[in-house]
A.B. asks: 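One structure is given below, represented as structure tokens, and several questions about it will come after.
Residue numbers start from 1 in every chain, and the chains themselves are labelled A, B, ... in the order their sequence lines are given, proteins ahead of strands.
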Protein chains: 2
Amino acid sequence: MVIKPQTRCDTAQRRREIALAARQLIADKGFEGLRTRDIAERVGINVATLHYHVPSKEALIELLAQSLRDEFIARQERRRRDGVTSLDRLRLEFADFRDIALNNPALHVVMTELADRARRDEKVAAVIRPMQLGWRDHIAAILAAGRDDGSLRPDLDPDAAATMIIGAMINARRHDKDIAFLDRVTAQIERALTRAGGSGGGKP
Amino acid sequence: MVIKPQTRCDTAQRRREIALAARQLIADKGFEGLRTRDIAERVGINVATLHYHVPSKEALIELLAQSLRDEFIARQERRRRDGVTSLDRLRLEFADFRDIALNNPALHVVMTELADRARRDEKVAAVIRPMQLGWRDHIAAILAAGRDDGSLRPDLDPDAAATMIIGAMINARRHDKDIAFLDRVTAQIERALTRAGGSGGGKP
DNA sequence: CCATCCATCAATCAATTGATTGAGAACACC
DNA sequence: GGTGTTCTCAATCAATTGATTGATGGATGG
């Protein structure tokens with residue numbers, strides 16, 4: 001199971017490894033199946049060593065949440081911001097989500113698990129909620145701009161629509177393993193938010 | 001904690017009580033915090049008695065899933081089906097979701113937890129997935145009818161839009177405890193799916 | 001070369017947890 | 001009242017699990 005021949009390494013590095021292993025395990029077996037022993041094994045260290053770097057399971061979960069937030073922020077910052085119109089920027093959001101769904105699906109799974117846990121764990125909530133709010137606000141800002149510059153329909157409620165978009169994308173991935181379905185959903189969102197409204201009528 | 005003075009009762013009734021207690025506990029502490037002892041205490045019986053009626057925890061979870069499905073089906077059937085237009089019927093869906101959110105919020109919480117578990121538990125998946133698919137198909141059918149009778153926009157992709165609607169409603173409830181926000185989201189959905197597309201422009 | 005700190009591990013602990021056992025109470029039927 | 005079935009519980013088990021302990025090796029600086 002574990003390949004890497006272990007050498008000593010400093011706490012910062014070990015904590016990164018531990019967070020990563022925890023994430024993979026959660027993606028596999030869910031939060032309820034998360035065991036410190038499994039994490040240690042995956043990292044290739046003793047349980048005691050794990051507890052040396054991360055004092056308790058609670059601290060571990062907080063570490064996990066922070067690790068997730070860090071990656072989210074990193075992704076956010078490395079994005080291109082060069083959309084010309086608001087619609088372009090919205091499409092960029094769709095593309096980003098699609099990219100994660102394809103290349104790092106565990107991220108969404110763990111995100112969902114943590115979001116559920118945030119419901120009853122204040123420590124996790126303190127890390128996760130701002131992240132979710134930030135995402136929503138980010139999309140809402142794009143929508144508001146699009147509404148005002150005319151590239152999106154004028155009767156948009158930015159916050160409500162942003163919530164709709166995020167929920168739609170997550171739900172599209174929840175069941176359908178087929179990425180094409182996500183594309184259909186984002187295409188439908190786009191049609192639903194642009195001005196035209198299919199007023200031309202008729203099916204092509 | 002437990003009030004009811006216990007008397008003997010038959011397996012069918014006990015299993016109902018157990019499923020209900022399990023549901024409440026999951027709503028409180030999540031799947032990972034579900035303990036057979038806690039369930040037994042909540043029902044007011046001994047753990048051994050619980051295991052007499054429900055042989056294993058796995059069986060318990062399956063029972064839980066079935067209990068949820070039964071309630072869902074029951075709700076589905078007791079609904080009024082008298083929407084005149086498709087838009088009316090869609091609004092009825094919104095109202096149903098709103099009603100559950102207000103009067104039985106635990107239902108949505110447990111539903112989400114079970115949906116997550118279905119990812120790695122085939123038994124649960126076998127019960128939950130058809131239920132979710134049924135919901136989506138139900139809404140998709142309404143949308144398809146609306147598209148064809150002209151009360152909804154002609155460029156609708158019923159399955160994609162249904163997924164969007166469900167995801168939007170769930171996501172609206174996930175964070176915002178305020179029911180008014182759900183109303184904003186459903187209002188936005190409605191605007192997004194009807195033909196007009198705000199082509200009249202301008203804010204009131 | 002030595003003292004010190006850091007990282008690691010084998011062994012073990014205490015608590016939790018799903019499940020079982022064996023015996024007894026409530027009930028039904030005759 | 002007798003008999004068998006159904007339901008219930010106190011006590012207990014075996015396994016799991018988060019966490020600790022005490023010892024060991026290695027690196028670093030003097």
Side-chain angles (χ1 to χ4, degrees), chain A residues 1-26 28-65 113 117 120-121 123-124, chain B residues 1-26 28-65 113 117 120-121 123-124:
Chain A
M1 200 75 17
V2 183
I3 301 103
K4 65 171 72 161
Q6 267 317 311
T7 57
R8 285 168 69 93
C9 77
D10 71 350
T11 287
Q13 175 60 17
R14 270 282 183 259
R15 283 171 65 92
R16 269 191 295 274
E17 293 179 16
I18 291 169
L20 185 62
R23 210 193 285 186
Q24 296 169 336
L25 282 173
I26 284 188
D28 276 6
K29 318 213 247 173
F31 228 115
E32 58 170 324
L34 187 65
R35 302 283 174 258
T36 53
R37 279 171 173 75
D38 295 341
I39 300 173
E41 189 195 2
R42 191 139 189 156
V43 176
I45 58 177
N46 189 280
V47 210
T49 306
L50 185 145
H51 273 91
Y52 170 79
H53 294 293
V54 184
S56 70
K57 195 177 183 183
E58 198 187 346
L60 178 95
I61 290 169
E62 211 185 333
L63 169 70
L64 179 69
E113 299 273 348
R117 179 164 180 111
R120 46 202 127 79
D121 183 333
K123 287 268 185 61
V124 173
Chain B
M1 199 75 18
V2 183
I3 299 102
K4 66 171 76 160
Q6 266 319 310
T7 57
R8 285 167 68 92
C9 73
D10 71 351
T11 287
Q13 174 62 17
R14 272 281 183 259
R15 283 171 64 93
R16 268 191 298 273
E17 292 179 18
I18 290 170
L20 184 62
R23 210 193 285 187
Q24 296 168 336
L25 281 173
I26 284 187
D28 277 5
K29 317 214 246 172
F31 228 115
E32 59 170 323
L34 188 65
R35 301 283 174 262
T36 54
R37 277 170 173 75
D38 295 340
I39 300 173
E41 190 195 359
R42 191 138 189 157
V43 176
I45 59 177
N46 189 279
V47 211
T49 305
L50 185 145
H51 272 92
Y52 171 78
H53 294 293
V54 183
S56 70
K57 194 176 184 183
E58 198 188 346
L60 179 96
I61 291 170
E62 211 185 333
L63 170 70
L64 180 69
E113 298 273 349
R117 178 161 182 114
R120 47 203 127 78
D121 183 334
K123 286 269 186 61
V124 173

A.B. asks: Using whole Å, report how far NZ of B:K57 lies from P of C:dT20.
C.D. replies: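 Distance, rounded to whole Å: 15 Å.
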A.B. asks: Nearest-Å distance, CZ (B:R15) to C1' (D:dT6)?
C.D. replies: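 So the CZ-C1' distance, B:R15 to D:dT6, works out to 16 Å.
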A.B. asks: Identify which nucleotide among C:dT8, D:dT17, D:dT8 has an atom closest to any side-chain atom of A:R37, counting heavy atoms from C-beta outward.
C.D. replies: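 The answer is D:dT17.
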A.B. asks: May I have the distance from B:I61 (atom CD1) to C:dT17 (atom C1'), rounded to whole angstrom?
C.D. replies: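 Taking atom C1' of C:dT17 as the reference, CD1 of B:I61 is at 14 Å.
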A.B. asks: Can you check the A:H53 NE2 to C:dA7 P distance for me, whole Å?
C.D. replies: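 A:H53 atom NE2 is separated from C:dA7 atom P by 6 Å.
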A.B. asks: Quick check on D:dC9: is either OP1 or OP2 less than 4.0 Å from any side-chain nitrogen or oxygen of B:T49?
C.D. replies: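 So the side-chain polar atoms of B:T49 do come within 4.0 Å of the phosphate oxygens OP1 or OP2 of D:dC9, strictly under.
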A.B. asks: How close do B:E32 and B:K29 get, heavy atom to heavy atom, and via which atoms?
C.D. replies: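 Heavy atoms only, the tightest pair is CG-O, 4.3 Å.
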A.B. asks: Taking atom CD of B:E58 as the centre, report whether more than 12 heavy atoms of other residues, nucleotides or ligands fall under 6.0 Å from it.
C.D. replies: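 Atom CD in B:E58 is not packed in, count stays at 12 or less.
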A.B. asks: Between B:N46 and D:dT8, is there a side-chain N or O to OP1/OP2 distance below 4.0 Å?
C.D. replies: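 It does not, given that no N or O in the side chain of B:N46 lies less than 4.0 Å from OP1 or OP2 of D:dT8.
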A.B. asks: Tell me the interatomic distance from B:E41, atom CD, to D:dT8, atom P, rounded to whole angstroms.
C.D. replies: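 Interatomic distance, CD of B:E41 to P of D:dT8: 17 Å.
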A.B. asks: How close or far is atom C1' of D:dT17 from atom CD of A:E32, stated in whole angstroms?
C.D. replies: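 Between C1' of D:dT17 and CD of A:E32: 15 Å.
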A.B. asks: Check the distance between D:dC7's P and B:E17's CD and give it to me in whole angstrom.
C.D. replies: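 So the two atoms are 13 Å apart, to the nearest Å.
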A.B. asks: With a cut-off of less than 4.0 Å, is there a side-chain N or O of B:H51 near OP1 or OP2 of D:dT8?
C.D. replies: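 Checking D:dT8 against B:H51, no side-chain N or O comes under 4.0 Å of OP1 or OP2.
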A.B. asks: What is the distance from CD1 of B:I18 to P of C:dA19, rounded to the nearest Å?
C.D. replies: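 Checked: the CD1 to P distance equals 13 Å.
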A.B. asks: Taking the nucleotide of DNA chain D with the closest heavy atom to each, which residue, A:L34 or A:A48, is nearer the 5' end?
C.D. replies: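 Whichever sits nearer the 5' end wins; that is A:L34.
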A.B. asks: Are the side chain of B:R15 and the backbone N or O of B:V54 linked by a donor-acceptor pair below 3.5 Å?
C.D. replies: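 Not at all, since once roles are kept as given, no pair shorter than 3.5 Å links the two residues.
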A.B. asks: Below 3.5 Å, does any donor atom in the side chain of A:R35 face an acceptor in the base of D:dG18, or the other way round?
C.D. replies: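 Under the 3.5 Å cut-off, the side chain and the base do not form any donor-acceptor pair.
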A.B. asks: Would you indicate, yes or no, if C:dT17 has its OP1 or OP2 atom less than 4.0 angstrom from a side-chain nitrogen or oxygen of B:T36?
C.D. replies: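 So the side-chain polar atoms of B:T36 never come under 4.0 Å of the phosphate oxygens OP1 or OP2 of C:dT17.
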A.B. asks: Which atom names give the shortest non-hydrogen contact between A:L64 and A:R23, and what distance separates them?
C.D. replies: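 So the minimum-distance heavy-atom pair works out to CD1-N, 3.8 Å.
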A.B. asks: Quick check: does any side chain N or O of A:K57 sit under 3.5 Å from a backbone N or O of A:L34, one acting as donor and the other as acceptor?
C.D. replies: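 Flag set: sc A:K57 to bb A:L34 pair under 3.5 Å.
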A.B. asks: Using a cut-off of strictly less than 4.0 Å, decide whether A:Y52 has a side-chain nitrogen or oxygen near OP1 or OP2 of C:dT8.
C.D. replies: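 False: A:Y52 side-chain N/O out of range (4.0 Å or more) of C:dT8 OP1/OP2.
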